[in-house]
Amino acid sequence: MLTTALLLTTLATTPTAPPSAAIAPDPNATASAAATTSAPAESAPKKEKGVDAIVLPLVSYNSDLGFTYGGVAGAYLYAPGHKPYQHGLALQVMFTSRGQQSHYLRYDGPQLIGPMRLELRLEYRRELLSPFYGPGNVSAQGFNGDESQKQYNYTRNSPGAFVRLRGRPWGENHPFQSYVGYAWRYTEVDPFEASALAQLKPVGIEGGPTGQLMAGVLWDTRDNESDPVRGGVEEVALRVSGSATGSRYQYAGVTLSERRYWQLGPRFVLAQRLTLDMLFGEVPFFEWVNTGGVSTSEGIGGMSSVRGIERNRFAGNIKAFTNTELRFRAFDFKLFGSPVIAGGVAFVDLGRVWHPNVVDGPWWKWHPGVGAGLRLTRRAAVVRFDWALSPESGRSRVYLNFGHMF
């Protein structure tokens, strides 16, 4: 039961995942992120027929959203000739103590159309306090750390839908993958009086639909998608929005991502991620914080980009961040017949943004986050607890979520 619960929690939940215009099935999240969306599919029980299903309460916490509560339900449907399963279903109902809601229904068909994988998602998000500090790398210099200030927030509603078709055109064991997809979201923006958003009135303050066509390629040599110790994955992702895609705004984005893993003896793993995201055109302000790709991130600032910094603290058309983790596998033990690995991590994150027509500071003005955490891994399920500090502000933050950050 615990195995199924953890696996379905990894598949079905992203309790602190960032809102994304692409509405990509999570990592990592939160997002979140977190593990990549294909990790549960690779690791689900390989049965020839039958059903695995579970309903679980959802409880989590991080400093950006507060306490998370709700429930998740998921199911794997097996059939001969379909591996690792024929259909995967997930349902989430989620609320946070800071006024956020995130509800979704997800479908995953790994071999629904020949060797191609179909992913679908319907979603509704609501944030009573969605952060906005203004554009650029040195925005809101008077911010004192109080994230509840209406000066640096607005109210946001955003229902949406997502579809993606992904496959390995050169065979299941070949590292090359490609995908195409379409995402649509309708964003309602309600700025507070005298807030930074109401004063600046950037592109996107009217809200409206943002439809995106997406495409990307990956070269994946990881030994394990959910908890790798060697190999890596490189990705190039494109997204385009315009009137032809059902979008009120005309813009495009390119995301370049590199993730690498090195095994340092039997107990240590060095993990590194580099991400560069660039947006061009009439970009609405609520897209400034989003990246593209299979596993989306949000920031700069927050549990999916630079830990220790307030969520979405720095935003702009161009974002770059790097994450370095030294993971330590302290010991392992058996639980219901499967190995559980307990360990820790030390990390350093760095990020910055560039935005047109604003002062972004000198080239070396990068925003750091440092910290340490605990990890508990069982098959595809990874539970993580992180404590992070921003050396710039001296403020610290706590994150509890499922899946590695990358």
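Values reported hereafter were calculated over all heavy atoms of this structure, with side chains retained and with hydrogens, waters and symmetry mates removed.
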Is any side-chain heavy atom of L58 closer than 4.5 Å to a side-chain heavy atom of T68? yes
Worked verdict on V189 versus E206 for side-chain contact (heavy atoms from CB on, under 4.5 Å): CA-CA 7 Å; V189 176; E206 306 89 352; over 6 Å; no
Is a side-chain donor-acceptor pair under 3.5 Å present for Q101 with H103? yes
How far apart are the C-alpha atoms of Y154 and F285, what are their side-chain angles, what is the distance that settles it, and do they pass the ring pair (Phe, Tyr, Trp, His ring centres under 6.0 Å) test? CA-CA 12 Å; Y154 69 102; F285 76 91; 5.3 Å; yes
In terms of heavy-atom contacts, H355 and N317 come closest through ND1-N, 3.1 Å
Between the side chains of N312 and E298, is a donor N or O closer than 3.5 angstrom to an acceptor N or O? yes
Show every donor-acceptor pair shorter than 3.5 Å between a side-chain atom in residues 365-376 and any protein atom, with sequence neighbours excluded, or say none if there are none.
from : atom 1 : to   : atom 2 : distance (Å)
K365 : NZ     : E392 : OE2    : 3.4
W366 : NE1    : W363 : O      : 3.2
H367 : ND1    : E392 : OE1    : 2.9
H367 : ND1    : E392 : OE2    : 3.1
H367 : NE2    : N137 : O      : 2.9
H367 : NE2    : N137 : OD1    : 3.0
R375 : NH1    : D386 : OD1    : 2.8
R375 : NH2    : D386 : OD1    : 3.1
R375 : NH2    : D386 : OD2    : 3.4

Establish, yes or no, whether the cationic atom of R307 lies under 6.0 Å from the six-membered ring centre of Y399 and within 45° of the ring axis. no
State, yes or no, whether a side-chain contact exists between L326 and L264 at a heavy-atom distance under 4.5 Å. yes
Against the six-membered ring of F286, is R125 placed for a cation-pi contact (under 6.0 Å from the centre, within 45° of the normal)? no
Test side-chain contact (heavy atoms from CB on, under 4.5 Å) on V383 and F402; report intermediate values, then the result. CA-CA 5 Å; V383 179; F402 299 96; 4.0 Å; yes
Partners meeting side-chain contact (heavy atoms from CB on, under 4.5 Å) with Q149 (sequence neighbours left out): F143, N144, D146, Q151, Y152
Geometric class of the W184/Y186 ring pair [parallel <30°, tilted 30-60°, perpendicular >60°]: tilted
Verify whether one side chain among Y179 and E235 offers a donor that lies under 3.5 Å from an acceptor in the other. yes
S195 side chain near F132 side chain, heavy-atom distance below 4.5 Å: no
Donor on one side chain, acceptor on other, E325 and Y261, under 3.5 Å: no
Without hydrogens or angle criteria, can the side chains of N224 and S226 be said to hold a donor-acceptor pair below 3.5 Å? yes
Any side-chain heavy atom of T291 sitting closer than 4.5 Å to one from K319? yes
List the steps and the verdict of salt bridge (Lys or Arg N to Asp or Glu O under 4.0 Å) for R185 and E287. CA-CA 11 Å; R185 182 185 290 277; E287 274 294 303; over 6 Å; no
The single option from E234, Q272, R273, H404 that satisfies side-chain contact (heavy atoms from CB on, under 4.5 Å) with R259 is R273
